[in-house]
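Okay, structure first, notes after.
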Number of protein chains: 2
Amino acid sequence: MRLVIARCTVDYVGRLSAHLPSANRLLILKADNSVSIHADDRAYKPLNWMSPPCRLTVEEDVWTVVNKGGEKLIINVEEVLHDSTHELGVDPGLVKDGVEAHLQELLADRMEVLGAGWSLIRREYPTAIGPVDILCRDADGGTVAVEIKRRGEIDGVEQLTRYLELLNRDPLLSPVKGVFAAQEIKPQARVLAGDRGIACVTLDYDALRGIEDDKLRLF
Amino acid sequence: MRLVIARCTVDYVGRLSAHLPSANRLLILKADNSVSIHADDRAYKPLNWMSPPCRLTVEEDVWTVVNKGGEKLIINVEEVLHDSTHELGVDPGLVKDGVEAHLQELLADRMEVLGAGWSLIRREYPTAIGPVDILCRDADGGTVAVEIKRRGEIDGVEQLTRYLELLNRDPLLSPVKGVFAAQEIKPQARVLAGDRGIACVTLDYDALRGIEDDKLRLF
DNA sequence: GCATACATCTCGCGT
DNA sequence: ACGCGAGGTGTATGC
């Protein structure tokens, strides 16, 4: 990894055209040839970048990065204020916990959260337009499609609506009801769901995990 | 901006929990107190980060970054291999060209691209569920809602569908037809649009800009 | 401040 | 390779 602090201008031509006027910035050149240009604010997003795989060529003070799609990043280095290179090695990578997949596992293992007597048919129930997160039966034996999101927004309701339309065309399954389950459901999504006859359930991740822990403790 | 190359472990607790085992990484501490942790690959996304506004506290070799939402980033610095600080000043920022807003301007100025005799009613036509990109009249005087995207995907068709549903409830406007306009329209979006009676138009950005340039040259 | 829509989104999974 | 969905999405804009 090479770190350069330099006064530079940058031009990007690709999916759009963009230009950075002359200023002092951080240029990061990584082992995979990727390049990013950072200002002194905002942690996440570089001002400009070229993702790998790409090729970097240096001619005098003009650095050019191109990728296979023909996108081009041209850095004009006017003055170098710092330049250092460091060996980092391969990163072991990060361990995550708490994403939607985990919510789905937890809920599938504890269907009674949705109602007494509810039971799982299967997770990731396949359909022509994609898998339904959870297909289950309610206490009356009726089929229910459950869409799970971390944050429930309007597009999640649209997604579930498409699944329900499709599932209800199958006479073996119909009628299929819908449940929109999320840790947090936006008001607009709740209104749209109500309008479509879809029930909303907010999931308490810690409580679900607590139940799961209790279960594990039994073994 | 402070650049540190260090062997470190990182823990993030917030919207999820994540852990980075000990390894050499780049730590970027920016003027707005934001922190990001980079491995030696991938230009865009840090391994871990804390976006501003946030607060950084250093106690011995443990750096803690917290934000208002209670998210926490804990960096355990085991060995510092490089440490330098640089003054960059405020960045003038980047100038973009080719985004959706510009497509909308160009198309509004050249409605005949959609058909002979078409005319603009207004851009950003307000509705209860958000502004319609362009509302216009076709050659027969019928009202048309146009949704513009850079890349036309399924959610854009859903969005336009919601607008059309709403607009067609207004007897003063109804019937309102729909046009889905984008530089590139994905096949699935095209199929869904067809199913909903929505016309698809691919926009040639360079051609639109060329027409605009010609117009400007007249003055 | 909340809510929506866009992004050179990136990234991973599945077909 | 493309399509699709998720993301600690981040970021800007309008209310």
Side-chain angles (χ1 to χ4, degrees), chain A residues 10-18 34 36-37 41-52 54 65 67-73 93-94 96-104 124 126 128-131 133 147-151 153-156 158-159 162 182-183 186-189, chain B residues 10-18 34 36 41-52 54 65 67-73 93-94 96-104 124 126-131 133 147-151 153-156 158-159 162 183-184 186-191:
Chain A
V10 184
D11 283 278
Y12 164 77
V13 180
R15 280 167 279 190
L16 55 68
S17 299
S34 67
S36 54
I37 297 142
D41 61 352
R42 280 160 298 175
Y44 192 81
K45 202 185 167 183
L47 285 168
N48 246 319
W49 70 92
M50 186 64 75
S51 296
C54 60
V65 200
N67 69 4
K68 201 161 184 175
E71 294 174 274
K72 202 178 286 187
L73 188 68
L94 91 157
K96 283 187 184 180
D97 178 27
V99 287
E100 185 197 317
H102 201 198
L103 271 178
Q104 193 191 108
E124 301 285 351
I129 57 170
D133 287 341
E147 176 67 31
I148 300 172
K149 296 280 181 212
R150 201 175 50 74
R151 287 185 190 174
E153 301 184 22
I154 214 162
D155 58 339
E158 297 285 13
Q159 194 181 339
R162 289 197 296 274
Q183 281 185 279
K186 296 288 169 68
Q188 283 220 3
Chain B
V10 184
D11 283 278
Y12 164 78
V13 180
R15 280 167 279 188
L16 56 68
S17 299
S34 66
S36 54
D41 61 353
R42 278 161 300 174
Y44 190 82
K45 201 184 170 186
L47 285 168
N48 245 321
W49 70 94
M50 186 65 76
S51 296
C54 59
V65 201
N67 70 3
K68 203 161 183 175
E71 294 175 89
K72 203 178 285 188
L73 188 68
L94 94 157
K96 286 186 184 182
D97 181 23
V99 286
E100 185 194 319
H102 201 196
L103 273 177
Q104 192 190 113
E124 301 285 349
T127 77
I129 55 170
D133 288 341
E147 177 66 32
I148 300 171
K149 296 279 180 213
R150 198 175 50 75
R151 286 188 191 175
E153 301 185 21
I154 213 163
D155 59 340
E158 297 286 11
Q159 193 181 339
R162 289 198 296 274
Q183 281 185 276
E184 179 196 351
K186 297 288 169 70
Q188 285 222 1
R190 204 176 280 273
V191 169

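Protein chains get the first letters and strands the later ones, always in sequence-line order, with residue 1 at the start of each.
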**Item:** Pairwise 5' ranking along DNA chain D for A:D133 and A:R151, keeping only the more 5' one
**Value:**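 Result: A:D133.
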Specify the separation, in whole Å, of atom [atom1] of [X] and atom [atom2] of [N].
X: A:L94; N: C:dC11; atom1: CG; atom2: P; result: 13 Å
X: A:Q159; N: D:dA6; atom1: CD; atom2: C1'; result: 10 Å
X: A:I154; N: C:dT4; atom1: CD1; atom2: P; result: 7 Å
X: A:I148; N: D:dG7; atom1: CD1; atom2: P; result: 12 Å
X: A:E153; N: C:dA3; atom1: CD; atom2: P; result: 10 Å
X: B:N48; N: C:dT10; atom1: CG; atom2: P; result: 19 Å
X: A:E124; N: C:dG14; atom1: CD; atom2: P; result: 9 Å
X: B:H102; N: C:dC6; atom1: NE2; atom2: P; result: 17 Å

With sequence neighbours excluded, residues passing side chain to side chain donor-acceptor pair (under 3.5 Å) with [X]:
X: B:E124; answer: B:Q104
X: A:R162; answer: B:E158
X: B:E71; answer: B:Y12, B:R15, B:N67

**Message:** Over all strands shown, is B:M50 touching base, sugar-phosphate only, or nothing at heavy-atom distances under 4.0 angstrom?
**Reply:**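 Counting heavy atoms under 4.0 Å across all strands, the contact made by B:M50 includes a base.
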**Asked** Under 4.0 angstrom, heavy atoms only, what part of the nucleic acid is A:K149 near: base, sugar-phosphate, or nothing?
**Response**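 Here A:K149 touches the backbone only, sparing every base.
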**B:P52: partners by side-chain contact (heavy atoms from CB on, under 4.5 Å), with sequence neighbours left out** =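 Here the qualifying residues are B:D32, B:S34.
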**Request:** Go through the structure and list residues passing side-chain contact (heavy atoms from CB on, under 4.5 Å) with A:D155, not counting sequence neighbours.
**Result:**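 Here the qualifying residues are A:E153.
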**Asked** Out of D:dG8, C:dT8, D:dG5, which has the shortest distance to the side chain of A:E71?
**Response**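 Out of D:dG8, C:dT8, D:dG5, the nucleotide with an atom closest to A:E71's side chain is C:dT8.
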**Request:** By nearest nucleotide on DNA chain C, pick out whichever of A:A18 and B:K68 is the more 5' one.
**Result:**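 Result: B:K68.
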**Request:** Could you check B:A101 against A:A189 and say which one's nearest nucleotide on DNA chain C is further toward the 5' end?
**Result:**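 The residue whose closest nucleotide sits nearer the 5' end is A:A189.
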**Prompt:** Taking the P atom of each, how far is C:dT8 from D:dA6, in whole Å?
**Reply:**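 Their P atoms lie roughly 22 Å apart.
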List every contact pair, protein side and nucleotides 10-14 of chain D side both N or O, where the distance is under 3.5 Å.
residue	atom	partner	partner atom	Å
D:dG10	OP1	B:R15	NH2	3.2
D:dG10	OP2	B:R15	NH1	3.2

**Item:** Side-chain N,O (A:K96) to OP1/OP2 (D:dG8) below 4.0 Å
**Value:**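 A:K96 to D:dG8 OP1/OP2: side-chain N or O found under 4.0 Å.
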**Item:** Heavy-atom closest pair, residues B:L94 and A:L47
**Value:**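 So the two residues come closest at CD1-O, 3.9 Å.
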**Straight-line distance of B:D133 CG to B:E100 CD, nearest 0.5 Å** =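 Result: 5.0 Å between the selected atoms.
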